[in-house]
> 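Got a structure for you, written out below as structure tokens; questions coming shortly.
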Amino acid sequence: MQQIQTNDTTLISNLDDNTGQISPMEKIKVVYIGGVGRSGSTLIDLLAGQADGFFSVGEIIWIWQRNFQENQLVASGEPFLESPFWHKVIEEAFGSFGAVNPVKIEALRKDVERVRHVMRIWMHEKGMRQLNPEYHAKLREYQAYTAKLYRAIQKVSGCDYILDSSKHPTHAFVLQTMDEIDLYTLHLIRDSRAVAHSWQRKKLRPEVHWKTEYMPQFSIGWSIKDWYSGNVLMSLMSSISEHYDRLRYEDFVKDPETGLNKIWSLIDRPNHTIDELKERYQNSANEDFSLSGNPIRFDQKREIKIRLDKEWREKMPTGQKLTVTAATLPLLIRYGYSPW
């Protein structure tokens, strides 16, 4: 396996001759959609990914397990290991598929991206404490793999911005601390009751092409904990990121143009109309190499339907509604949701 050193200097591949620092123009620009699962990130990703200069990688956080090890489908309908695009990316980043040990990297990712490490990174970014040397070494090693992968994606795709909808707050913090990345964070929020209800739906995973498998379903208690912690952690990004904004999924559905303007404002680039993005999406089936996410990512019909999901109001048991509302009320009010 190709060895990737973990000291700070090896992570910087393009240095300014005068300052010894990475030039801002040479940084990898990543637009990150963060939050919690079942918040509508895939829909926004599919649309925003059609904008000029954008390339959507989907939920790339899962690439080492779901794609390298399990060979799940990419959005174009091909298994990952058979995708010409991803072959070019991996060859550019690591030399070959054989030079990568995905089991090791996935284990490293799980270790580095534990929730308990977020406050350590946040305090480090605020200048309040230094990272534990052992954790810092693991973090740097994982970041080295990540930097190589993202830079190869940028080079092969020719994009200006990589759109990453991995959602996990822990991954956002890892990207925020990377010298080679200029991070633009969109914190996507959805009503906690809609999220909890969605986690109980049975949805087929078409990307798992060799067998019938459904997306995981979680209890109301798990949903409450995940929704609360995920949104609190993403909110912390606002205090350490130069480029951060929030978007409620419900606001996006009501007014998609204004919702996507949140992204265009983050990067200070001209916006595109929804009709333009929909048309591009419908005609880009063979050019979509994004990974993981909601089953709509793998729908070859390429239909975009933007509508408010009111099912939770009508079908969610009253007891569950009251439980989720009471447990998440402080944040619901903070984000402008009615408790009723």
Side-chain angles (χ1 to χ4, degrees), residues 31-49 51 54 56 59 163-169 171-172 183-201 218 220 223-239 241 243-267 271-274 277-278 293-294 296-297 304-316 320-340:
V31 177
Y32 191 82
I33 302 177
V36 300
R38 303 297 178 95
S39 292
S41 62
T42 300
L43 176 59
I44 295 174
D45 176 308
L46 294 179
L47 288 167
F54 272 62
S56 168
E59 299 182 12
L163 180 61
D164 183 347
S165 57
S166 294
K167 291 190 292 295
H168 285 224
H171 193 63
L183 189 64
Y184 301 79
T185 305
L186 180 70
H187 178 184
L188 182 62
I189 303 165
R190 188 182 183 190
D191 192 305
S192 59
R193 294 153 296 191
V195 170
H197 181 66
S198 183
W199 274 122
Q200 296 185 78
R201 289 175 175 171
F218 294 107
I220 292 298
S223 297
I224 290 170
K225 180 180 178 180
D226 184 67
W227 187 89
Y228 214 102
S229 62
N231 284 300
V232 167
L233 293 178
M234 281 306 305
S235 294
L236 288 175
M237 284 291 294
S238 64
S239 63
S241 175
H243 314 288
Y244 171 94
D245 205 348
R246 289 191 185 119
L247 172 63
R248 296 197 321 174
Y249 177 70
E250 292 80 4
D251 294 336
F252 165 77
V253 172
K254 291 178 182 177
D255 186 357
E257 299 278 2
T258 301
L260 287 179
N261 276 341
K262 292 272 190 177
I263 296 179
W264 315 142
S265 297
L266 271 178
I267 64 174
N271 56 327
H272 296 260
T273 68
I274 289 297
L277 296 175
K278 281 185 176 181
N294 189 284
I296 62 172
R297 186 184 301 282
I304 291 287
K305 297 179 181 179
I306 304 175
R307 59 172 180 248
L308 187 62
D309 183 2
K310 299 181 180 180
E311 184 178 289
W312 71 270
R313 290 186 176 276
E314 301 166 357
K315 296 185 177 181
M316 191 175 187
Q320 292 186 359
K321 285 183 189 176
L322 292 175
T323 298
V324 178
T325 301
T328 61
L329 188 58
L331 280 189
L332 281 175
I333 293 175
R334 179 181 180 184
Y335 295 144
Y337 291 102
S338 170
W340 316 114

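Note that the numbering runs from 1 along the sequence shown for the chain.
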> Does a side-chain heavy-atom distance below 4.5 Å link S39 with V195?
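Yes - at least one pair of side-chain heavy atoms lies under 4.5 Å apart.
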> List the steps, then state whether side-chain contact (heavy atoms from CB on, under 4.5 Å) holds for I306 with K278.
CA-CA 11 Å; I306 304 175; K278 281 185 176 181; 4.0 Å; yes
> To the closest 0.5 Å, what do you measure between OG (S223) and CZ (F218)?
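If I round to the nearest 0.5 Å, the distance is 8.0 Å.
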> After noting the C-alpha distance and the side-chain angles of I263 and F54, does the key distance pass the side-chain contact (heavy atoms from CB on, under 4.5 Å) rule?
CA-CA 11 Å; I263 296 179; F54 272 62; 4.1 Å; yes
> Does K262 offer a backbone N or O that forms a donor-acceptor pair with the side chain of S265 under 3.5 Å?
no
> Hey, does L186 have a side-chain heavy atom less than 4.5 Å from the side chain of L266?
yes
> Might you point out which heavy atoms bring G35 and P169 nearest each other, and give the distance in Å?
O-CD, 3.6 Å
> Quick one, S41 and R190 - any side-chain contact, counting heavy atoms below 4.5 Å?
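No. Closest side-chain heavy atoms not under 4.5 Å.
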> A51 and W264: which non-hydrogen atoms are nearest, and at how many Å?
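In this case the closest contact between A51 and W264 is CB-CH2, 3.4 Å.
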> Any non-hydrogen side-chain atom of L247 less than 4.5 Å from a side-chain atom of L260?
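L247 vs L260: side chains apart.
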> Partners of D164 by salt bridge (Lys or Arg N to Asp or Glu O under 4.0 Å), sequence neighbours excluded?
none
> Which one of V31, I33, D245, L163 satisfies the side-chain contact (heavy atoms from CB on, under 4.5 Å) criterion with Y184?
V31
> What closest approach, in Å, do R297 and S165 show between heavy atoms, and which atom pair accounts for it?
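What the structure gives for the nearest pair is NH2-OG, 3.4 Å.
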> Is a donor from one side chain sitting under 3.5 angstrom from an acceptor on the other, for T325 and Y337?
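Distance-only check fails for T325 and Y337.
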> May I ask you to decide if R313's main-chain N or O and K321's side chain share a donor-acceptor pair within less than 3.5 Å?
yes
> Do the non-hydrogen side-chain atoms of K305 and I296 ever get within less than 4.5 Å of each other?
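A side-chain contact under 4.5 Å is absent here.
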> Supply the atom-to-atom distance K315 NZ to K310 NZ, rounded to the nearest 0.5 angstrom.
14.5 Å
> With sequence neighbours left out, write down each residue that passes salt bridge (Lys or Arg N to Asp or Glu O under 4.0 Å) with R201, or none if nothing qualifies.
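Counting only residues at least two positions away or on another chain, R201 forms a salt bridge (Lys or Arg N to Asp or Glu O under 4.0 Å) with D309, E311.
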> Are M237 and H187 packed together at the side-chain level, in the sense that at least one heavy-atom pair is separated by less than 4.5 angstrom?
no
> Checking N294 against T42: is there a side-chain donor and acceptor pair closer than 3.5 Å?
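The criterion, which ignores hydrogens and geometry beyond distance, is not satisfied for N294 and T42.
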> Which heavy-atom pair separates S241 from L183 by the least distance, and what is that distance?
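Scanning both residues, the minimum pair turns out to be OG-O, 4.1 Å.
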> Can a donor-acceptor pair be found, under 3.5 Å and without considering hydrogens, that links the side chain of S229 to the backbone of K225?
yes
> Donor-acceptor check, side chain of S338 to backbone of W340, threshold 3.5 angstrom: yes or no?
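Here the side-chain-to-backbone pair exists.
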> Using the side-chain contact (heavy atoms from CB on, under 4.5 Å) rule, take I220 and Q200 through it: C-alpha gap first, then chi angles, then the decisive distance, then the call.
CA-CA 8 Å; I220 292 298; Q200 296 185 78; 3.0 Å; yes
> So which heavy atom on K167 is nearest to which on V36, and how close?
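The pair with the smallest heavy-atom distance is CD-O, 3.3 Å.
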> Do the ring planes of Y32 and H171 sit parallel (below 30°), tilted (30 to 60°) or perpendicular (above 60°)?
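Tilted.
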> Output all residues satisfying side-chain hydrogen bond (donor to acceptor under 3.5 Å, both in side chains) with S192, sequence neighbours left out; order by chain, then residue number.
T328
> Does R38 make a cation-pi contact with Y249 (under 6.0 Å, within 45 degrees of the axis)?
no
> So, applying side-chain contact (heavy atoms from CB on, under 4.5 Å) with W227, which one of L332, D191, V232, V324 is it?
L332
> Between R307 (side chain) and V253 (backbone), is there a donor-acceptor pair under 3.5 Å?
no
> Report yes if some heavy atom in the side chain of S235 is under 4.5 Å from a heavy atom in the side chain of Y335; otherwise report no.
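The answer is yes, as the side chains (C-beta and beyond) meet within the 4.5 Å cut-off.
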> Counting only N and O atoms by type, is there a donor-acceptor contact under 3.5 Å from the side chain of S198 to the main-chain atoms of A194?
no
> What distance separates I304 CD1 from L43 CG, expressed to the nearest 0.5 Å?
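Here the interatomic distance stands at 5.5 Å.
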> Locate the shortest heavy-atom distance separating E59 from G293; write the atom from each residue and the value.
OE2-CA, 3.3 Å
> Determine whether I44 and L188 make a side-chain contact, defined as any pair of heavy atoms from C-beta on separated by less than 4.5 Å.
yes
